[in-house]
Amino acid sequence: MSSDHISFSEQVEKYIDLAADHVNCPKDILQQIRANNSTVGLNFPIKKDDGTVEVIQAWRSQHSNHRSPCKGGIRFSEAANVDEVKALAALMSYKCALVDVPFGGAKGAVKVETRKYSDNEVERICRRLTFELKKKNYIGPGIDVPAPDYGSGEREMAWMSDTYRSLSDELDCLAAITGKPVTQGGIRGRTEATGRGVAVGIREVFEKESLLKHYGIEKGLKNKTIAIQGFGNVGYHSALFLQEMGARVVAISDYEGTIINDDGIDVEDLYQFRKEQGNFKEYQKGRFSPDNSEVLYMECDVLVPAALESQITKDNWDKVKAKVIGEAANGPLTAFASTKLFEKGVLIIPDIYLNAGGVTVSYFEWVKNIAHIRFGRIDKRLDMTNRLDIISLIGEVTGKKLDEEAVRKHTKDGDERDLVFSGLEETMINALDEIVEIHEKHEFKLDLRISSFVNAINKISRAYTEGGFFP
Ligand code: GLU
């Protein structure tokens with residue numbers, strides 16, 4: 001729920017209102033695009049370890065079925081509510097369209113905090129949830145495909161997938177869930193995908209000369225200072241890849257506080273420390289502040305909110321000093337804060353673009369499951385032999401031989417992770433080109449978020465108008 005007195009769903013509606021004047025989409029079609037198609041609320045019992053029964057509350061919302069299946073994560077959070085789930089489902093529709101992932105948008109939530117339950121209890125929740133969704137026809141490779149989100153990961157997806165497979169005799173049943181462990185039909189690179197996409201998106205923004213000139217930002221990611229809110233899967237991987245690309249991560253926060261080091265935090269070192277200790281309060285290679293909101297107000301080039309929605313609102317937007325905000329989380333800025341910061345000249349890279357890496361690689365996983373084959377398996381050896389032939393032919397013609405290292409480099413096969421990252425990079429770069437073009441066409445007056453909504457709505461509109469309706 002937003003603290004700016006309008007709900008999260010109303011905020012998404014507001015963005016559509018702002019985009020509406022600039023889209024190539026008939027008004028009646030836009031009504032269909034923005035409507036939530038269907039939402040189910042569930043209350044189901046699970047047996048706790050002490051033998052008592054607890055009623056678990058959950059939702060699944062399918063915002064759009066203009067493409068099948070619809071797709072989106074399932075979050076586990078005590079703060080979850082039906083409005084939030086609907087808003088996040090809508091964001092998924094626009095996100096998928098933006099990066100040409102041929103799915104509709106969906107989202108689910110379970111109103112629990114997994115750390116308050118034993119592993120066995122979480123397993124029972126996941127299995128019963130899958131059973132309930134299957135009974136209601138709210139899950140399936142061609143219907144609706146869940147994935148990880150805030151508070152869930154490979155472990156939960158493995159339990160859900162196992163349950164789904166035990167209930168189904170479909171050949172493609174593995175494709176009913178993405179974000180699975182690799183041993184359970186997952187794809188290499190999915191865990192890192194959202195963070196990888198965030199880093200690639202930010203790096204590419206720092207290469208866009210006309211954009212940078214307009215916002216008065218110096219080109220190149222190297223040595224740019226980064227502050228990351230949230231050290232979960234997305235925050236950790238965003239920080240790791242940004243550091244690998246040459247940026248300096250100067251602050252990282254999580255619920256226990258913020259670690260600050262102007263000379264740069266060793267992201268992997270901090271991650272391992274936190275894994276062992278459970279928090280980073282005692283971390284010595286930086287200053288610890290128990291205030292976890294400090295990270296939002298850091299003097300830095302890029303602020304990356306990678307936690308939950310509504311972190312920057314009417315009440316605190318004016319304390320933000322970053323020149324660029326990269327929205328790794330879904331909806332971290334309220335509509336009010338986003339507008340104010342844009343007016344102040346802050347370059348905001350919107351969630352529906354920046355965190356689309358997760359669903360993009362989920363799409364690759366789904367394709368892999370449907371195809372029943374790992375990417376690269378058929379052409380790998382042939383491709384390598386062809387490249388070796390070309391190298392030796394060049395050697396014969398020129399009389400010059402490549403050294404062993406160069407031959408290895410040029411004949412290196414793309415393993416699944418390389419192929420996934422390459423497809424992800426291509427996707428992020430193309431999507432950014434399209435939204436920056438719209439931003440520039442409107443002389444930078446429509447911010448990147450509304451430009452993204454315009455592009456997404458245009459694409460969904462074409463799916464309806466060129467495909468027609470079932471009468
Ligand atoms: N939960 C992620 C998101 O919000 C990934 C969704 C998916 O892979 O389906 O984009």
Side-chain angles (χ1 to χ4, degrees), residues 8 12 59-64 67-77 80 84-110 133 138-154 156-157 160-161 164 174-181 185-187 189-198 201 230 232-235 237-238 305-309 326-332 349-369 420 423-424 427-428 431 452 456:
F8 194 1
V12 176
W59 300 270
R60 183 73 183 173
S61 179
Q62 301 179 348
H63 170 260
S64 176
R67 300 249 188 251
S68 296
C70 51
K71 185 89 189 78
I74 296 200
R75 66 173 44 189
F76 285 67
S77 159
E84 177 193 73
V85 178
K86 283 182 171 177
L88 291 165
L91 290 180
M92 284 308 299
S93 295
Y94 304 113
K95 190 187 299 189
C96 289
L98 211 52
V99 288
D100 295 326
V101 164
F103 295 152
K107 198 71 151 204
V110 185
L133 290 173
Y138 256 73
I139 187 171
I143 300 170
D144 185 349
V145 180
D149 198 80
Y150 180 87
S152 58
E154 279 189 3
E156 287 73 20
M157 298 308 115
M160 291 188 69
S161 176
Y164 186 86
L174 266 183
I177 305 270
T178 62
K180 305 179 290 293
I187 196 165
R190 173 62 184 87
T191 308
E192 310 91 302
T194 309
R196 177 89 194 167
V198 167
N233 176 40
V234 178
H237 284 109
S238 303
L308 281 171
E309 62 265 20
E327 294 186 328
N330 290 310
I349 317 174
D351 49 4
I352 55 169
Y353 163 67
L354 198 63
N355 69 29
V359 77
T360 301
V361 177
S362 272
Y363 168 45
F364 299 161
E365 180 176 335
W366 181 84
V367 171
K368 174 185 174 176
N369 293 153
V420 161
L424 172 60
T427 303
M428 295 305 291
S452 302

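For ligands, and for the atoms within them, numbers begin at 1 and follow the listed sequence. Sequence positions, counted from 1, serve as the residue numbers for this chain. Excluded from the calculations below are hydrogen atoms, water molecules and symmetry mates; all remaining heavy atoms, backbone and side chain alike, are included.
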Q: Do Y363 and F103 have ring centroids that are under 6.0 Å from one another?
A: yes
Q: Is the shortest distance from a Lys or Arg side-chain nitrogen in K180 or E365 to a carboxylate oxygen in the other one below 4.0 Å?
A: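 Judged by the 4.0 Å cut-off on N to carboxylate O distance, K180 and E365 do form a salt bridge.
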Q: Thinking salt bridges, do D144 and R60 make one under a 4.0 Å N-O criterion?
A: yes
Q: Charged N to carboxylate O under 4.0 angstrom, E309 versus R75?
A: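 Salt bridge flag = yes for R75 with E309.
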Q: Write 'none' if nothing qualifies; otherwise put on separate lines each N/O atom of ligand 1 with a protein N/O atom under 3.5 Å away and their distance to 0.1 Å.
A:
unit_1: ligand 1; atom_1: 1 (N); unit_2: P148; atom_2: O; d: 2.8
unit_1: ligand 1; atom_1: 1 (N); unit_2: D149; atom_2: OD1; d: 2.7
unit_1: ligand 1; atom_1: 4 (O); unit_2: K95; atom_2: NZ; d: 3.1
unit_1: ligand 1; atom_1: 4 (O); unit_2: K107; atom_2: NZ; d: 2.9
unit_1: ligand 1; atom_1: 4 (O); unit_2: D149; atom_2: OD1; d: 3.4
unit_1: ligand 1; atom_1: 4 (O); unit_2: N330; atom_2: ND2; d: 3.3
unit_1: ligand 1; atom_1: 8 (O); unit_2: R190; atom_2: NH2; d: 3.0
unit_1: ligand 1; atom_1: 8 (O); unit_2: S362; atom_2: OG; d: 2.6
unit_1: ligand 1; atom_1: 9 (O); unit_2: K71; atom_2: NZ; d: 2.8
unit_1: ligand 1; atom_1: 10 (O); unit_2: K95; atom_2: NZ; d: 2.7

Q: Under 6.0 Å from the OH atom of Y138, do we count more than 12 heavy atoms belonging to anything else shown?
A: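 Above 12, so yes.
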Q: Can you list everything that forms a side chain to side chain contact (heavy atoms under 4.5 Å, CB included) with T194? Sequence neighbours excluded, please.
A: R190, V234, N355
